[in-house]
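This report concerns only the one structure given below.
What you see is a predicted model, and the numbers here were worked out from it, not measured in a lab. Throughout, a chain's letter reflects where its sequence line sits, starting with A, and its residues are numbered from 1.
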Amino acid sequence: MDLTMNITRNETEHLVSLSGDVDAFTGPKAKEAIMTSVETPGVAVVVVDLSQVEYMDSTGIGIFIGVMKACKQVGCDFVVQNLPSRVERLFRITGLYDLVSIRKGESE
Amino acid sequence: MTRGIEKKYVQLLRDYLAGQGEDQLYDAQQLGKWLLLQDISPEEMIDLHGRALEYLGDVPEFVRASFSILTEVMIEYGNEHRSVTSMRSKHKQFQSEMAVASAMQKSLVPQELPVYPDVEIGLVSVAAKQISGDYYNIVTHDDGRLCLTISDITGKGISAAMCMSMLKYAMESLGDMLHGPDEMLRHLNRVVERNIDPSMFVTMLFGCYDTQKHRFRYAVAGHEPGFVYRAKEGRFYDMEGKGMALGICSDSHYQEYEVHLDVGDVLILLTDGVTERKIGRYYLHRDELVSYLEAELGTSAQVMADNLYSKLLLLSQFELPDDYTMMILRRT
């Protein structure tokens, strides 16, 4: 399955909503979109919504680790919201759950 | 193009125009294949056809002039042909580099499993593609310890093979310093964190089994620990264990856990290629996996590992989307 992305922007916060599969094939596309938001001057918070993600593999988790490290460098807050249970499990097993800000979004 | 080919082509054309036979059409097809092998471009072929017509008789001026248009059009086909040929050659080179990496990777894992009087080891590790992202190792020590590593490296391909090589040699040098499993992972994490891409990470379970006391001491880094089967109770339990995957934070610390095996108890260590398995439209459930393991309990550790792999492969209709590794340790 493919990955689609929807980005909502205001001056200080970008919300990137991912839908579909985040894996080795689609991951680079997602990473590019999220990193563009991280590197946009003036953006203080980047939120990634995963409510519509059906599958994520370790490459997908790797993207969030890369983004988290990049956010630390530029001083931007990184928030992940609405994790489906299988994705939450991956976040917990790898330890990423304790490192990034997790929140439940408006859809929950 | 040689004069010989030109003469043959003129002859072929002459024969065909004289009788329009099937033989000449067949010869023309064979010639096309040969010209491709010789890397003759479409525009060169058109040029040849134009010259051949001149041999055969008076060519009207408008036919001669039309060849300039045809040649220009076919130049693009020629460019495409050359780019396909170049890609084919690069692909061959890539395949041969992958074969070297795959062979190197195979040399990083043990070729034979150790044999003990009262501990059986079973192992199945299968790569989804040419290079595996799963790494395992089994190292025996003179003091009776049996050290087991099971690990999953993000991504596959050359980067996974190179990372695997780093893990193996870093663990060998750290192992000599006789750290406990928690210390091993703490040191290894620093090596991995400094040396891999920011988007890469490694999950690992590392532990040492004391073959005298039948005690397995282990630590976990972002890896699903696996199961332990208690023969007396006839039940499977999830092994304890939690810790940050390697390569994420430079200062991660790890906890040591311990499992004691009685006669008939079984340890099952695995990678996510086993647990994150898609069966049709749903994912393999923990209880399902346990029931398949339960069905194989009467067999040896190796037969158990082999049968479980076959069972899961059958259920997923012979698709292996991710690397698969299962290590089984059974006290007999």
Look at atom [atom1] of [X] and say whether more than 12 heavy atoms of other residues, nucleotides or ligands are closer to it than 6.0 Å.
{"X": "B:Met166", "atom1": "CE", "value": "yes"}
{"X": "B:Glu240", "atom1": "CD", "value": "no"}
{"X": "B:Gln95", "atom1": "CD", "value": "yes"}
{"X": "B:Glu258", "atom1": "CD", "value": "yes"}
{"X": "B:Arg190", "atom1": "CZ", "value": "no"}
{"X": "A:Lys29", "atom1": "NZ", "value": "yes"}

Those residues of residues 244-253 of chain B that come under 4.5 Å of chain A on a heavy-atom basis, listed by number, are B:Met244, B:Ala245, B:Gly247, B:Ile248, B:Cys249
Rounded to the nearest 0.5 Å, the CG atom of A:Asp57 sits from the CG atom of B:Asp322 at a distance of 7.0 Å
Which heavy atom of [X] sits nearest to which heavy atom of [Y], and what is that distance?
{"X": "A:Phe25", "Y": "B:Lys129", "value": "CZ-NZ, 4.0 Å"}
{"X": "B:Thr275", "Y": "A:Arg86", "value": "O-NH2, 4.2 Å"}
{"X": "A:Glu54", "Y": "B:Tyr283", "value": "O-OH, 4.3 Å"}

Within residues 66-73 of chain A, the residues sitting under 4.5 Å from chain B by heavy atom, in sequence order, are A:Gly66, A:Met68, A:Lys69
Cut-off 4.5 Å, heavy atoms of chain B, and the answer for A:Ile61 is both
